[in-house]
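Report on the structure given below.
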Amino acid sequence: MAENKSYFFCGIGGSGMLPLAMIVAARGAAVSGSDRSRDQGRTPEKFAWLESQGIAFYPQDGSGPKAGQILVASAAIEDSVPDIAAAKALDLPRMTRADLNAALFNAAGKAIGVGGTSGKSTVTGMIGWILESVGRKPTVMNGAVMRNFSGAEMPFASALVGDEDFYVSEVDESDGSIALYQPDVAVVTNISLDHKSLDELHRLFGDFTAKARIAVINADDPESAPLMNGGNNLRFGFGDGAAMRGSDFEALPDGCRFAVSFADDRHEVRLRMPGRHNAANALAAIAAARAVNIPVAQSVAALADFTGLARRYEVLGQAGGVTVIDDFAHNPDKVAATLAAVAELPGRALLFFQPHGYGPLRQMGKELAASFAAGMREGDRLFVCDPVYFGGTVDRSIGSEALVADIVAGGAEAAHLTTRAACGAAMLDEAKACDRIVILGARDDTLTEFGHELLEKLAVRA
């Protein structure tokens with residue numbers, strides 16, 4: 001699907017676009033692109049690195065698309081965007097990110113698709129690391145930087161380019177594109193309200209697992225457990241219904257440990273990532289690897305060296321006794337999981353949340369508020385800025401003030417301050433030794449920069 005072709009990616013810096021661009025470029029395609037964030041001067045180091053990899057960049061003004069190319073763009077990008085208008089004028093074929101990824105995925109002999117409301121990036125990274133550790137040389141398409149594969153030469157390692165026959169990828173239910181994928185192994189981490197109704201999600205995930213040779217299903221999740229796949233499934237979890245069963249979970253200051261039992265085997269697992277939800281993610285990855293004949297013992301050994309993903313409860317540092325943590329949590333399930341991990345250890349949490357859009361607040365604002373109110377402990381405080389907004393025609397009538405009102409009504413301490421800077425100043429005023437500042441939000445690469453800025457200010461103050 002890539003060799004000798006030429007692709008123009010509109011929005012190439014996005015978390016789903018960048019790794020796909022790197023995969024097709026590594027397979028011999030010519031790749032160029034544009035990105036509004038680059039034009040606005042946001043995250044310049046990312047775009048400079050992409051240019052160093054041979055990607056040609058153009059302003060998002062219609063000058064980039066050329067005859068003979070394939071346009072890769074989100075279906076949500078409006079026709080009024082100059083690059084889209086230029087591509088239409090040139091009559092270029094258009095693919096969504098999911099169209100292109102699914103074509104690569106479906107061409108692989110062993111294709112592992114990881115779906116679910118939460119945890120799929122982490123599980124995808126875990127499976128990729130297990131397979132790489134045992135010499136299978138997978139290609140991995142992820143939505144987050146995998147720290148095990150990143151370094152000075154590959155700082156934005158959200159893709160791993162390996163053999164074409166072994167393909168591991170996140171699959172997305174939010175836009176319905178999960179229907180495009182034909183998995184050999186289908187993983188469902190969990191199902192909860194996010195972008196679609198539960199009825200729609202049950203249908204999408206049911207169809208996804210029914211196509212697979214074997215489905216890896218979360219036995220502990222009441223919304224996922226009914227998925228059957230004709231009985232060709234491997235269930236994971238901590239409950240009695242799991243074949244790949246975890247037990248004896250223990251939170252540690254630098255991660256967690258637990259036991260995994262499968263058939264008559266039992267192994268002790270040590271993770272560098274905190275939280276019971278990450279133990280469940282590890283069980284999903286071990287089960288998926290077992291579905292392609294990787295012994296449980298080899299998976300356990302590999303996961304001991306798995307260092308996690310960027311922005312998944314990533315500790316940025318500590319200054320003045322205050323720890324700053326960066327996390328991707330943005331929907332009710334992810335927020336609940338992150339707050340549960342925070343609560344496993346002592347110390348007050350000062351939480352910052354930037355909603356990832358006005359649309360999501362309308363869709364799941366009440367459920368988000370309930371997650372925050374239920375997960376915050378006495379003494380924890382939440383600061384919420386206005387939702388991320390990069391332009392467009394979205395309805396902005398419901399904002400962060402409504403979310404905060406519902407959280408306060410639920411009994412938790414929360415404040416709406418319109419700007420990120422104001423929230424940061426308030427947290428710095430509050431922060432004391434042994435506190436944890438936790439940055440929450442998605443769809444904005446500068447959130448990590450914000451966390452580092454707070455850390456620097458804490459260090460100056462110390």
Side-chain angles (χ1 to χ4, degrees), residues 14-15 36-37 40 42 76 117-118 174 192-196 311 313 324-340 342 348-431 435-454 457:
S15 61
R36 180 166 51 191
S37 291
Q40 295 170 348
R42 296 162 59 86
T117 308
S118 303
S174 66
S192 64
L193 185 68
D194 194 346
H195 299 277
K196 294 185 178 294
R311 302 216 63 236
Y313 208 88
V324 179
I325 297 164
D326 190 23
D327 194 83
F328 186 68
H330 62 280
N331 65 32
D333 197 51
K334 287 183 171 72
V335 166
T338 296
L339 294 183
V342 169
R348 185 176 65 149
L350 301 177
L351 306 161
F352 166 78
F353 180 54
Q354 178 178 277
H356 64 295
Y358 287 90
L361 275 184
R362 285 196 309 277
Q363 171 75 16
M364 56 181 170
K366 297 291 185 183
E367 292 78 10
L368 262 173
S371 279
F372 275 113
M376 292 171 63
R377 302 158 300 167
E378 185 176 352
D380 291 348
R381 293 204 62 190
L382 171 66
F383 300 86
V384 184
C385 71
D386 287 339
V388 64
Y389 176 67
F390 298 133
T393 58
V394 65
D395 177 3
R396 290 185 281 161
S397 60
I398 297 177
S400 296
E401 64 282 351
L403 175 69
V404 167
D406 287 338
I407 293 169
V408 172
E413 288 194 64
H416 170 224
L417 303 174
T418 56
T419 67
R420 183 191 293 181
C423 290
M427 286 191 292
L428 291 173
D429 285 344
E430 282 272 339
D435 286 347
R436 281 169 288 170
I437 290 177
V438 187
I439 310 298
L440 305 175
R443 290 187 186 165
D444 185 352
D445 290 342
T446 66
L447 284 168
T448 302
E449 295 174 12
F450 175 58
H452 282 296
E453 289 169 7
L454 294 179
K457 292 174 180 177

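We number each residue from 1, following the sequence as shown. Predicted, not measured: the structure shown is a model, and the values here were computed from it.
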(request) Return yes if some donor-acceptor pair links the side-chain N/O of Arg311 with the main-chain N/O of Gly441 below 3.5 Å, else return no. (result) yes

(message) With rounding to the nearest 0.5 angstrom, report the CG to NE2 distance, Leu382 to His416.
(response) 11.0 Å

(message) Ignoring hydrogens, what is the shortest heavy-atom contact between Ala329 and Phe353? Give both atom names and the distance.
(response) O-CE1, 3.8 Å

(request) Keeping the roles fixed (side chain from Thr418, backbone from Asp386), state whether a donor-acceptor pair exists under 3.5 Å. (result) no

(message) With a 4.5 Å cut-off on side-chain heavy atoms, are Thr446 and Gln354 touching?
(response) no

(request) Quick one: closest heavy-atom pair of His356 and Ala442, and the distance? (result) CB-O, 3.6 Å

(message) So which atom in Ala414 and which in Ile407 form the shortest heavy-atom distance, rounded to 0.1 Å?
(response) CB-CG2, 3.8 Å

(message) We want to know whether Thr117 and Asp333 form a side-chain donor-acceptor pair, criterion being a heavy-atom distance below 3.5 angstrom.
(response) no

(request) Using the test side chain to side chain donor-acceptor pair (under 3.5 Å), find all partners of Arg362 that sit at least two apart in sequence or belong to another chain. (result) none

(request) For Ala340, enumerate each residue passing the side-chain contact (heavy atoms from CB on, under 4.5 Å) test, keeping only those at least two apart in sequence or located in another chain. (result) none

(message) Does any part of the side chain of Asn331, heavy atoms only, come nearer than 4.5 Å to the side chain of Pro360, both counted from C-beta?
(response) no

(message) Between Ser371 and Glu367, is there a side-chain heavy-atom distance shorter than 4.5 Å?
(response) no

(request) Can you measure from CG (Leu361) to CD (Glu401) and round to the nearest 0.5 angstrom? (result) 9.0 Å

(message) One pair to check against side-chain contact (heavy atoms from CB on, under 4.5 Å): Cys385 and Phe352. What are the steps and the verdict?
(response) CA-CA 8 Å; Cys385 71; Phe352 166 78; 3.6 Å; yes

(request) State, with a plain yes or no, whether a side-chain heavy atom of Phe372 is found less than 4.5 Å away from one of Leu440. (result) yes

(request) Check whether any side-chain heavy atom of Asp435 lies under 4.5 Å from a side-chain heavy atom of Met427, and answer yes or no. (result) no

(message) Check this for me, if you would: do Asp444 and Arg42 make a salt bridge, where the nitrogen-to-carboxylate-oxygen distance has to be below 4.0 angstrom?
(response) yes

(request) List the atom of Phe450, the atom of Gly424, and the distance in Å for their closest heavy-atom pair. (result) CZ-CA, 3.8 Å

(message) Quick check for you: to the nearest 0.5 Å, what is the distance between Leu350 atom CG and Glu413 atom CD?
(response) 10.0 Å

(request) State, to 0.1 Å, how close His330 and Leu368 come at their nearest heavy-atom pair, and which atoms those are. (result) O-CD2, 3.7 Å

(request) With Ile437 as reference, evaluate Ile325, Leu454, Asp326 under the side chain to side chain contact (heavy atoms under 4.5 Å, CB included) test and give the passing residue. (result) Leu454

(request) Say whether, by atom type as modelled, one donor and one acceptor occur between the side chain of Arg348 and the main chain of Asp380 under 3.5 angstrom. (result) no

(message) Can you tell me how far apart CG (Leu417) and OG (Ser400) are? Round to the nearest 0.5 Å.
(response) 10.5 Å

(request) Evaluate the side-chain proximity of Phe383 to Glu430: yes if any heavy-atom separation is below 4.5 Å, no if none is. (result) yes

(message) What I'd like to find out is whether the side chain of Val342 reaches to under 4.5 Å of the side chain of Tyr313, using heavy atoms alone.
(response) yes

(request) State, to 0.1 Å, how close Leu428 and Lys457 come at their nearest heavy-atom pair, and which atoms those are. (result) CD1-CD, 3.7 Å

